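Index from 1, following the sequence. For clarity, every value in this text was computed on a predicted model and none was experimentally measured.
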Amino acid sequence: EVQLVESGGGLVQAGGSLRLSCAASGSSRDDYAIGWFRQAPGKERDMVSCINTVSSINGSTYYRDSVKGRFTISSDNAKNTVYLLMNSLKPEDTAVYYCGAVNPYYCSGYELFIPVDYWGQGTQVTVSS
């Protein structure tokens, strides 16, 4: 089992930055990659970034095209925390952001459907124009 707790959301003006944190705990946390997902009102929940923290493939990352060059995902294994640094934020980045425990195979982002075994509670990100 894995428990995930997000923090760091808030209200920011367009062009600003936020850093989200996802603290992971539980007996199975080392078996999973961690993905960041977002869901805007009336839209599906999509993966925006993922990092493979499984030791055998440590550090590989995925970014959705719309956030490449603006978002950076990283992990601090000592703190069991994954971060999503979001720069140059746009109003269309407004959403509830969730972190999820993902089978490492799906962290590449190639699959259309990403099964997630465990979710955090979500954190709201609002970007004003």
Side-chain angles (χ1 to χ4, degrees):
E1 190 171 356
V2 179
Q3 295 82 40
L4 303 171
V5 179
E6 301 102 334
S7 60
L11 173 64
V12 64
Q13 287 188 332
S17 298
L18 283 173
R19 190 180 77 160
L20 306 182
S21 300
C22 174
S25 61
S27 57
S28 302
R29 67 180 185 276
D30 292 339
D31 296 335
Y32 290 93
I34 298 297
W36 281 101
F37 298 74
R38 67 186 181 189
Q39 187 168 22
K43 295 191 176 181
E44 294 184 350
R45 190 177 300 186
D46 293 320
M47 188 167 74
V48 296
S49 187
C50 189
I51 186 165
N52 253 313
T53 55
V54 175
S55 59
S56 60
I57 40 177
N58 196 32
S60 63
T61 58
Y62 158 82
Y63 296 96
R64 192 176 185 86
D65 285 347
S66 60
V67 306
K68 283 181 181 177
R70 300 189 297 122
F71 290 12
T72 303
I73 192 169
S74 62
S75 67
D76 184 334
N77 291 340
K79 296 182 178 180
N80 294 317
T81 300
V82 171
Y83 303 98
L84 185 68
L85 176 61
M86 305 184 294
N87 294 324
S88 302
L89 282 162
K90 304 175 181 180
E92 52 263 43
D93 294 318
T94 295
V96 179
Y97 283 70
Y98 301 86
C99 61
V102 176
N103 182 302
Y105 169 80
Y106 293 98
C107 195
S108 66
Y110 292 141
E111 301 291 330
L112 291 179
F113 174 71
I114 312 294
V116 178
D117 288 352
Y118 301 97
W119 289 104
Q121 83 283 2
T123 186
Q124 177 70 46
V125 172
T126 303
V127 184
S128 63
S129 57

Any side-chain heavy atom of Met86 within less than 4.5 Å of one from Asp93?
-> no

All heavy atoms of Gly9 vs all of Val125, minimum pair found to be CA-CG2, 4.1 Å

Taking the side chain as every heavy atom from C-beta outward, state whether Tyr83 and Ser21 have any atom pair closer than 4.5 Å.
-> yes

Those residues that, when tested against Lys68, pass salt bridge (charged side-chain N to carboxylate O under 4.0 Å, His left out) (two or more places apart) = Asp65

Using a side-chain heavy atom cutoff under 4.5 Å and only I, L, V, M, F, W and Y, what cluster partners does Leu85 have?
-> none

Is there a side-chain contact between Arg29 and Asn80, using heavy atoms and a 4.5 Å cut-off?
-> yes

Mind checking whether Val82 and Val48 sit in one hydrophobic cluster, side chains of I, L, V, M, F, W, Y counted as touching below 4.5 Å?
-> yes

Correct closest heavy-atom pair for Ala33 and Asn52 would be CB-OD1, 3.2 Å

Give the cluster check for Tyr97 versus Val2: same hydrophobic cluster or not, with ILVMFWY residues linked at side-chain heavy-atom distances below 4.5 Å.
-> yes

Donor-acceptor pair, Asp76 side chain versus Lys79 backbone, under 3.5 Å?
-> yes

Heavy atoms, side chains only, cut-off 4.5 Å: are Val102 and Ile34 in contact?
-> no

Determine whether Val12 and Leu84 fall in the same hydrophobic cluster, where Ile, Leu, Val, Met, Phe, Trp and Tyr are linked whenever their side-chain heavy atoms lie under 4.5 Å apart.
-> yes

Value for SG (Cys50) from OH (Tyr63), rounded to nearest 0.5 Å, stands at 10.5 Å

Rounded to the nearest 0.5 Å, how far does OH of Tyr105 lie from OH of Tyr110?
-> 10.5 Å

Any pair counted as ring pair (Phe, Tyr, Trp, His ring centres under 6.0 Å), so long as it reaches residues 10-46, sequence neighbours left out = Tyr32-Tyr118, Phe37-Trp119

Flag for Gln124-Thr126: side-chain donor and acceptor within less than 3.5 Å = yes

If you measure from the Lys or Arg side-chain nitrogens to the Asp or Glu carboxylate oxygens, is any gap between Asp46 and Arg38 under 4.0 Å?
-> no

Donor-acceptor under 3.5 Å (Glu6 side chain, Cys22 main chain) | no

